[in-house]
Amino acid sequence: MLYFECDYSEGAHEKILERLAATNRESLPGYGMDHYCQSAKEKILAACQCPEGDVHLLVGGTQTNQIVISSMLRSYEGVVAAETGHINTHEAGAIETTGHKVLALPQHEGKIDGDELRRYLQTFYGDENHEHMVFPGMVYISHPTEYGTLYTKEELKSLSEICRQYKLPLYMDGARLGYGLVSPGTDVSLADVAKYCDVFYIGGTKVGALCGEAVVFTKNNTPPHFMTMVKQRGALLAKGRLLGIQFDTLFTDSLYLEISKNAIDTAEMLKQILREKGYPFYLDSPTNQIFVTLEDKKLKELQKNAVVSFWEKTDADHTVVRFATSWATSKEDVKKLAELL
């Protein structure tokens, strides 16, 4: 069976497994107080060119989104996101369980438009009844988006300026950040993300780690007692070393970016095959997520030998599916998939 359903089908990069095995018998402090976690944080901040930043290592993406958002919002505030944003569609109401509403804006291939955000905020504060409404308390974006699309540096700058005008933190979900940073044509670097975002996270789960996400607060703005809130939500790993060793490895000799490139290379290879075979693309994604419309008959035939992700129905006989490549996708598997297509 070929797996192109998601970018975390495999375990972890071999260098991470080797370091975990080599350090397995070391006795170290718990809860992220070990020297591997400290080294990982220093390397991450150096890569972000953000020495004033503050890094926290958490276990998974949904927990990270829930904890960061709920810790930064007041009780009467919600979080603004694209209607297709991960927190609004595929996190089972995790944000809402904390008492905060997701305030959805129209999406444009997964992205929020700066002008629409500004108009939304102007309309909210122009409403004389806004004291009776859920206040916009922060803005959430993801990069890449749910559609594998990317913000440009100018778009990030614009969103950042709007957020600062209204005193709202800009939060980036970076579950697949590595794939965005190495995508051909992008003009956004990790330093740009740190510059324009008030908080973001670097995804490990989908980019070579067994598990783990690195949250970076960039403006001396870590919420008070943040790690206490992490523990309240059940996301404080007692054996924090497991996260530290993984991120220390990923940020040694640019491994994070190096392995991310494989996902882009194999995705480009697969896109070319799909074009040659005449499959219609649902949209143009520059990263590792590829959206194609298939006849349902062809999809059923394909699913006998390959796992892909359902996205949406277009009509009674056609379905949009997502093919996802990863840091571990082999060219041989892409060639095998081509034979099935």
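Keep in mind the model is a prediction, meaning the values are calculated, not measured. Just so it is clear, the values below take in all heavy atoms, side chains as well, and ignore hydrogens, waters and symmetry mates.
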| remark: Taken to the nearest 0.5 Å, the spacing of Asp198 CG from Asn220 CG works out to 11.5 Å

| Same apolar cluster: Ile87 and Phe135, side chain cutoff 4.5 Å | no

| task | Tell me yes or no: between the side chains of Glu116 and His108, is some donor less than 3.5 Å from an acceptor? | result | yes

| Separation between CD of Gln246 and CD1 of Ile16, rounded to the nearest 0.5 Å | 5.0 Å

| message | Taking Met33's backbone N and O only, do any of them form a donor-acceptor pair with Arg241's side chain (distance below 3.5 Å, no angle check)? | response | no

| Are the side chains of Glu258 and Val182 in touch, meaning some heavy atoms are under 4.5 Å apart? | no

| query | Going from OG on Ser142 to CG on Leu177, what distance comes out if it is rounded to the nearest 0.5 angstrom? | reply | 10.5 Å

| query | Judged by atom type as modelled, is there a donor-acceptor pair below 3.5 Å linking the side chain of Thr98 to the main-chain atoms of Ile95? | reply | yes

| request: Check the hydrophobic clustering (I, L, V, M, F, W, Y; side-chain heavy atoms under 4.5 Å; chains of links allowed) and say if Phe217 and Phe251 are grouped together. | output: no

| remark: Exactly one candidate in Thr293, Leu274, Ile290 meets side-chain contact (heavy atoms from CB on, under 4.5 Å) with Tyr279; the answer is Leu274

| Charged N to carboxylate O under 4.0 angstrom, Lys271 versus Glu268? | yes

| request: Check the side chains of Tyr179 and Gln289 for a donor-acceptor pair under 3.5 angstrom, ignoring hydrogens and angles. | output: no

| query | If you group Ile, Leu, Val, Met, Phe, Trp and Tyr by side-chain heavy-atom gaps below 4.5 Å, do Val292 and Leu341 land in one group? | reply | yes

| task | Would you mind reporting whether Thr218 and Val199 have side-chain heavy atoms less than 4.5 Å apart? | result | no

| request: Assess whether atom NE2 of His225 is packed by more than 12 heavy atoms of other residues, nucleotides or ligands within 6.0 Å. | output: no

| request: Give a yes or no on whether the backbone of Asp317 and the side-chain of Asp315 come within a donor-acceptor separation of less than 3.5 Å. | output: yes

| field | Side-chain ion pair, Glu96 and Lys101, N-O less than 4.0 Å | value | no

| said: Between Trp311 and Tyr282 (judged by ring centroids, cut-off 6.0 Å), do the two rings come close enough to count as a pair? | reply: no

| Side chain to side chain, His56 and Thr222, heavy atoms closer than 4.5 Å | yes

| query | Which atoms form the tightest heavy-atom contact between Val68 and Ser71, and what is the distance? | reply | O-OG, 2.9 Å

| query | Will you find, in the side chains of Glu83 and Asn88, an N or O donor that is under 3.5 Å from an N or O acceptor? | reply | no

| Step by step, would you call Ile44 with Cys48 a side-chain contact (heavy atoms from CB on, under 4.5 Å)? | CA-CA 6 Å; Ile44 287 170; Cys48 295; 4.1 Å; yes

| Would you find a donor on one side and an acceptor on the other, under 3.5 Å apart, between the side chain of Ser160 and the backbone of Leu156? | no

| said: Applying side-chain contact (heavy atoms from CB on, under 4.5 Å) to Tyr151 and Leu159, what does each step give before you reach the verdict? | reply: CA-CA 10 Å; Tyr151 287 91; Leu159 290 175; 3.7 Å; yes

| request: Using the rule that two of Ile, Leu, Val, Met, Phe, Trp, Tyr join whenever any of their side-chain heavy atoms come within less than 4.5 Å, decide whether Val59 and Met227 are in one cluster. | output: no

| query | Does Tyr140 OH have over 12 foreign heavy atoms under 6.0 Å away? | reply | yes

| request: Would you please indicate yes or no on a ring centroid separation below 6.0 angstrom for Phe200 and Tyr171? | output: no

| Just wondering, do Leu2 and Leu340 contact through their side chains at under 4.5 Å, heavy atoms? | yes

| query | Would you call Glu332 and Lys335 a salt bridge, taking side-chain N to carboxylate O under 4.0 Å as the test? | reply | no

| task | Start with the C-alpha gap between Arg233 and Gln63, add the side-chain angles, then the distance that decides, and say whether side-chain contact (heavy atoms from CB on, under 4.5 Å) holds. | result | CA-CA 8 Å; Arg233 300 288 179 188; Gln63 287 175 314; over 6 Å; no

| field | Value rounded to 0.5 Å, distance of CG in Leu170 from CE in Met138 | value | 8.5 Å

| said: Could you check whether any side-chain N or O of Thr319 sits under 3.5 Å from a backbone N or O of Asp296, counting only pairs where one atom can act as donor and the other as acceptor? | reply: no

| query | Does Leu121 reach the side chain of Pro136, with side-chain heavy atoms less than 4.5 Å apart? | reply | yes

| Thinking salt bridges, do Asp248 and Arg19 make one under a 4.0 Å N-O criterion? | yes

| remark: Closest non-hydrogen contact found for Thr84 with Thr89 is O-OG1, 3.7 Å

| field | Face-on cation placement of Lys231 at Tyr31 ring, 6.0 Å and 45° thresholds | value | yes

| Are any non-hydrogen side-chain atoms of Ile202 and Glu213 less than 4.5 angstrom apart? | no

| Is the shortest side-chain N to carboxylate O distance from Lys298 to Glu301 below 4.0 Å? | yes

| Taking every non-hydrogen atom, the tightest pair across Ala94 and Gln66 | O-NE2, 3.0 Å

| How long is the span from the CG atom in Leu28 to the SG atom in Cys37, to the nearest 0.5 Å? | 9.0 Å

| request: Return yes if some donor-acceptor pair links the side-chain N/O of Thr249 with the main-chain N/O of Ile245 below 3.5 Å, else return no. | output: yes

| said: With heavy-atom distances below 4.5 Å as the criterion, would you say the side chains of His143 and Leu150 are in contact? | reply: yes

| Does atom NZ of Lys313 have more than 12 heavy-atom neighbours from other groups under 6.0 Å away? | yes

Please output the side-chain donor-acceptor pairs of residues 123-132 that fall under 3.5 Å, not counting sequence neighbours, one pair per line with the distance.
residue : atom : partner : partner atom : Å
Thr123  : OG1  : Arg119  : O            : 2.8
Asp127  : OD1  : Asn129  : N            : 2.8
His130  : ND1  : Asp127  : O            : 2.8

| message | As an exercise, state the distance from CG of Asn65 to CD of Glu91, rounded to the nearest 0.5 Å. | response | 4.5 Å

| query | Does the cation-pi check pass for Arg275 over Phe281, that is, NZ or CZ under 6.0 Å from the six-membered ring centre and within 45° of its axis? | reply | yes

| Sub-4.5 Å side-chain heavy-atom contact between Arg322 and Glu5 | no

| request: State, without any angle test, whether Gln165 and Glu161 hold a side-chain donor-acceptor pair at a distance under 3.5 Å. | output: no

| Are Leu190 and Leu57 linked, directly or through other ILVMFWY residues, by side chains that come within less than 4.5 angstrom of each other? | yes

| said: Looking at every non-hydrogen atom in both residues, tell me the closest pair between Ser285 and Gly148 and how far apart they are. | reply: OG-O, 3.2 Å

| query | Counting N and O atoms only, with roles assigned by atom type, does the side chain of Asn262 sit under 3.5 Å from a partner on the main chain of Trp327, one being a donor and the other an acceptor? | reply | yes

| Yes or no on side-chain contact (heavy atoms from CB on, under 4.5 Å) for Gln122 and Tyr166, after CA distance, side-chain angles and deciding distance? | CA-CA 10 Å; Gln122 289 173 340; Tyr166 286 90; 3.2 Å; yes

| Between Thr325 and Ala263, is there a donor-acceptor pair closer than 3.5 Å when you use the side chain of the first and the backbone of the second? | yes

| Where do Phe291 and Glu146 come nearest, in terms of heavy atoms and distance? | CZ-O, 3.4 Å

| Heavy-atom pair with the smallest gap, counting every atom of Val207 and Ser260 | CG1-OG, 3.2 Å

| field | Charged tip of Lys43 within 45° of Phe247 ring normal and under 6.0 Å | value | no

| With no hydrogens and no angle check, is any side-chain donor or acceptor of Asn288 less than 3.5 Å from a backbone partner on Ile264? | no

| request: Could you tell me whether a side-chain N or O of Thr23 sits under 3.5 Å from a main-chain N or O of Glu26, the two making a donor and an acceptor? | output: no

